[in-house]
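The next block holds one structure in the form of structure tokens; read it before the comments.
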Amino acid sequence: MRRPALLASITAAATALVLSAPGPASAINSYNSAPAPERTEVGALIVQSDGDRDPATPDTVRWSCTGTMIARDVFLTAAHCTVGRPPGTKFYVSLAQDAQAEIDASTAQGGTPDQIAARVGVQGVAHADPGYPGNQADSRDIAVIKLDAGRSAELARRWTFVPATLPRHDQLSELGSRALDAQDWLVVGYGSQEAVTGPGGHTHPGGGVRRKAPVDFNALNKTWVRLAMNESRELGGACYGDSGGPNFVTLGGDLVLAATTISGDIPCYATNVVYRTDTTGARNFLQRFVTLP
């Protein structure tokens, strides 16, 4: 299939393109991608909110970003996916392969926004790194959706999954750029397609379906990995709606969630900029919610 939709949604933040949006979300850079029904630990962040900030109109229910179950009750995503929402916003986790179809079907069934959202996903509480938005050295752009015991059990009844494996402390730095460049990298998400140019400028069609694409290592720094997603090299990548989603690397035969999608180039053609999960800062946040390797 030519250029199918992939990861999560993206918005501009400062000079970076953030891969998440409060409106309709987008997908993984769609060329060289494929459906990812086997990546059941990867899910869509469903947001119920007063999108137009008009109390006279009902809340909207939309998928907005991507994330990953890193424990039975913890869904890892990006802070920019949860911060700055209208008052009263509610967050749900869906592990459906086609989150947009689930939303469409639930909306057609009718009911209140609470009922529509509850049929689509399982509600949790958002916790963003209190240091977000951080600075250029460390954006602190990391968050989780925490499920209570009852909702964690509900999620397990509705979807079968094995939580993702996180890296050891500073594991990527220990390996170094040469070793990381020799490994296979994979990005997964619900985002839109790369830019399509039309009379009104760039648009990003698609989104809402879990997809995967190969990416290639480019560079490593203290908190970021830069990944190449050039179509000419048979790679794919992230786009709008893929924010918070996983970037896996195979290390020692294990698929490790090395980083989460945060930003990239506006048309979604060239680069995926991802936030490392093995750094001291990321681990200081995550250890509040999960047991780390």
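Predicted model, so just to flag it, every value in this text is computed and none were measured. Values below: all heavy atoms of this structure, side chains included; hydrogens, waters and symmetry mates excluded. Quick note: residue numbers are just sequence positions, from 1.
- Using a 4.5 Å cut-off between side-chain heavy atoms of Ile, Leu, Val, Met, Phe, Trp and Tyr, with links allowed through other members, V274 and L180 fall into the same hydrophobic cluster.
- No side-chain heavy atom of D138 sits under 4.5 Å from any side-chain heavy atom of K222.
- Atom CG in D59 sits 7.5 Å away from atom OG1 in T89 (nearest 0.5 Å).
- Screening residues 175-188 for side chain to side chain donor-acceptor pair (under 3.5 Å), with sequence neighbours left out, gives no hits.
- Residues I262 and H80 form a side-chain contact, since some pair of their non-hydrogen atoms from C-beta on lies under 4.5 Å apart.
- The two residues A96 and R210 have their closest heavy-atom pair at O-NH1, 3.9 Å.
- Linking ILVMFWY side-chain heavy atoms closer than 4.5 Å, directly or via other members, places V74 and V122 in two distinct hydrophobic clusters.
- Applying the side chain to side chain donor-acceptor pair (under 3.5 Å) definition to pairs two or more places apart or across chains, those involving residues 153-164 are E154-R158.
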*Quick one: do L172 and L220 satisfy side-chain contact (heavy atoms from CB on, under 4.5 Å)? Show the steps, please.*
CA-CA 8 Å; L172 301 188; L220 179 75; 4.2 Å; yes
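- Taking the side-chain hydrogen bond (donor to acceptor under 3.5 Å, both in side chains) definition, one finds that R140 meets it with D129, sequence neighbours left out.
- One hydrophobic cluster, built from ILVMFWY side chains closer than 4.5 Å, holds both L257 and V273.
- With sequence neighbours excluded, no residue satisfies side-chain hydrogen bond (donor to acceptor under 3.5 Å, both in side chains) with T291.
- Applying the side chain to side chain donor-acceptor pair (under 3.5 Å) test to residues at least two apart or on different chains, the pairs with a partner in residues 162-172 are R168-E174, H169-T280, D170-S173, D170-R276.
- Under the 4.5 Å side-chain heavy-atom criterion for ILVMFWY residues, no single connected hydrophobic cluster contains both V61 and L155.
- In Q287, the CD atom is crowded: over 12 heavy atoms of neighbouring residues, nucleotides or ligands sit closer than 6.0 Å.
- For T112 (side chain) and Q115 (main-chain N/O), a donor-acceptor pair under 3.5 Å exists by modelled atom type.
- In terms of heavy-atom proximity, A164 sits nearest to F248 at CB-CE2, 4.2 Å.
- When side chains are defined from C-beta on, L45 counts as touching I145, because their heavy atoms get closer than 4.5 Å.
- Nearest heavy-atom pair across T82 and R85 is O-CG, 3.4 Å.
- Tracing side-chain contacts under 4.5 Å through hydrophobic residues (I, L, V, M, F, W, Y), one reaches L175 starting from L227; they form part of the same cluster.
- Contact record, A228 with N218: N-CB, 4.2 Å, taken as the closest heavy-atom pair.
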*asked:* Run R62 and Q48 through side-chain contact (heavy atoms from CB on, under 4.5 Å) and show every step you take.
replied: CA-CA 7 Å; R62 297 175 174 174; Q48 176 190 338; over 6 Å; no
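- Closest approach of D50 and D52 over heavy atoms only: OD1-OD1, 2.8 Å.
- For F289, the ring pair (Phe, Tyr, Trp, His ring centres under 6.0 Å) test picks out H127, F285, with sequence neighbours left out.
- A 4.5 Å side-chain heavy-atom check between V93 and M69 finds at least one atom pair inside the cut-off.
- Among all heavy-atom pairs drawn from P167 and A258, the shortest one is CG-CA, 4.5 Å.
- Taking the side chain as every heavy atom from C-beta outward, I46 and I103 approach each other to under 4.5 Å.
- Pairs passing the salt bridge (charged side-chain N to carboxylate O under 4.0 Å, His left out) check and including a residue from residues 283-293, sequence neighbours excluded, do not occur.
- Under 3.5 Å, the side chains of T260 and N247 contain no donor-acceptor pair of N or O atoms.
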*Decide side-chain contact (heavy atoms from CB on, under 4.5 Å) for V187 and K212; before the verdict, give the C-alpha distance in whole Å, the side-chain angles of both, and the deciding distance to 0.1 Å.*
CA-CA 6 Å; V187 62; K212 62 186 177 183; over 6 Å; no
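- Applying the salt bridge (charged side-chain N to carboxylate O under 4.0 Å, His left out) test to pairs two or more places apart or on separate chains, those with a residue in residues 39-49 are R39-E41.
- The CD1 atom of I142 sits 11.0 Å away from atom OG1 of T223, with the distance rounded to the nearest 0.5 Å.
- In this structure the side chain of F75 never reaches within 4.5 angstrom of the side chain of T68, judged on heavy atoms.
- Side-chain contact between L76 and T277 is present, with at least one heavy-atom pair separated by less than 4.5 Å.
- Looking at V47 and Y92, their side chains never come closer than 4.5 Å, going by heavy atoms from C-beta outward.
- By the side-chain hydrogen bond (donor to acceptor under 3.5 Å, both in side chains) test, E102 is found to be paired with no residue, residues two or more places apart in sequence or in another chain being considered.
- Applying the side-chain hydrogen bond (donor to acceptor under 3.5 Å, both in side chains) criterion to S106, with sequence neighbours excluded, gives R119.
- Within the structure, salt bridge (charged side-chain N to carboxylate O under 4.0 Å, His left out) contacts touching residues 70-79 (residues at least two apart or in different chains) are D73-K146.
- The CG atom of D278 lies 11.0 Å from the CG atom of L286; values are rounded to the nearest 0.5 Å.
- S139 meets the side-chain contact (heavy atoms from CB on, under 4.5 Å) test with D141, W224, Y275; sequence neighbours excluded.
- Annotation: the span from L95 atom CG to T40 atom OG1 amounts to 7.5 Å, rounded to 0.5 Å.
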